[in-house]
Peer 1: 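Sending over a structure as structure tokens; questions will come in a sec.
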Amino acid sequence: MVIYGVAILAGCYLVGTIVGEFIGALMGIDSNVGGVGVAMLLLIIVVDKLVKVGKISKPAQDGLSFWNAMYIPVVIAMAASQNVLGALTGGPLAIVAGIAVVIISWICVPLLSGKQEPMVEVNNPMVGDEVDA
């Protein structure tokens with residue numbers, strides 16, 4: 001059911017919005033900078049911790065999966081409403097911020113994915129004279 005887990009989503013979105021507004025204020029602009037991204041990262045971290053501890057129900061996980069799937073269309077709609085041309089002509093800040101975010105994301109991928117165990121190949125000996133077709 002989609003409604004389960006919406007309280008967690010709303011809390012993460014509220015925190016993300018506050019952090020985004022704060023980052024915008026630090027940069028000297030009257031805009032939310034990265035609030036949705038912060039909210040989604042916070043949502044991923046909170047849900048992962050709750051699943052590991054066993055404190056979240058299956059319907060809540062299903063509801064959160066729905067909202068995670070809705071993330072890309074929401075971000076595209078939000079990006080379409082931004083004045084990208086004004087940001088690019090207003091100064092190099094948008095380009096520098098975009099490059100910095102990409103670099104930071106590349107650095108964070110191994111940290112967020114965790115240490116992976118190396119894959120071990122299992123040698124299956126043939127029985128008799130059987131050959132795989």
Peer 1: Would you mind listing every side-chain hydrogen bond (donor to acceptor under 3.5 Å, both in side chains) that reaches into residues 34-49, with sequence neighbours excluded?
Peer 2: Asp48-Lys52
Peer 1: With ILVMFWY side chains joined below 4.5 Å, transitively, what does Ile104's cluster contain besides itself?
Peer 2: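 Direct or chained contacts put Ile104 with none.
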Peer 1: How many angstroms lie between atom OG of Ser31 and atom CD1 of Ile23, to the nearest 0.5 angstrom?
Peer 2: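 Separation between the atoms: 11.0 Å.
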Peer 1: Decide whether Leu43 and Val51 are clustered together by the hydrophobic rule: side chain heavy atoms of Ile, Leu, Val, Met, Phe, Trp, Tyr closer than 4.5 Å, transitively.
Peer 2: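 Yes, Leu43 connects to Val51 through the hydrophobic network.
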Peer 1: Residues in side chain to side chain donor-acceptor pair (under 3.5 Å) with Lys55, at least two apart?
Peer 2: none
Peer 1: To the nearest 0.5 Å, tell me how far Ile8 CD1 sits from Ile56 CD1.
Peer 2: 4.0 Å
Peer 1: Do Ile45 and Leu9 share a hydrophobic cluster (ILVMFWY, side-chain heavy atoms under 4.5 Å, transitive)?
Peer 2: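 Not linked; separate clusters.
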Peer 1: Val19 vs Leu42, test: side chain to side chain contact (heavy atoms under 4.5 Å, CB included). Steps then yes/no.
Peer 2: CA-CA 11 Å; Val19 170; Leu42 186 61; over 6 Å; no
Peer 1: Supply the atom-to-atom distance Ile18 CD1 to Asn32 CG, rounded to the nearest 0.5 angstrom.
Peer 2: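 Going from the CD1 atom of Ile18 to the CG atom of Asn32 covers 10.5 Å.
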Peer 1: Please find the pair of heavy atoms, one from Cys12 and one from Ala39, that lie closest to each other, and give the distance.
Peer 2: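 It is O-CB, 3.4 Å.
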Peer 1: Output the distance between atom CD (Glu21) and atom CD1 (Ile29), rounded to the nearest 0.5 Å.
Peer 2: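 CD1 of Ile29 is found 9.5 Å from CD of Glu21.
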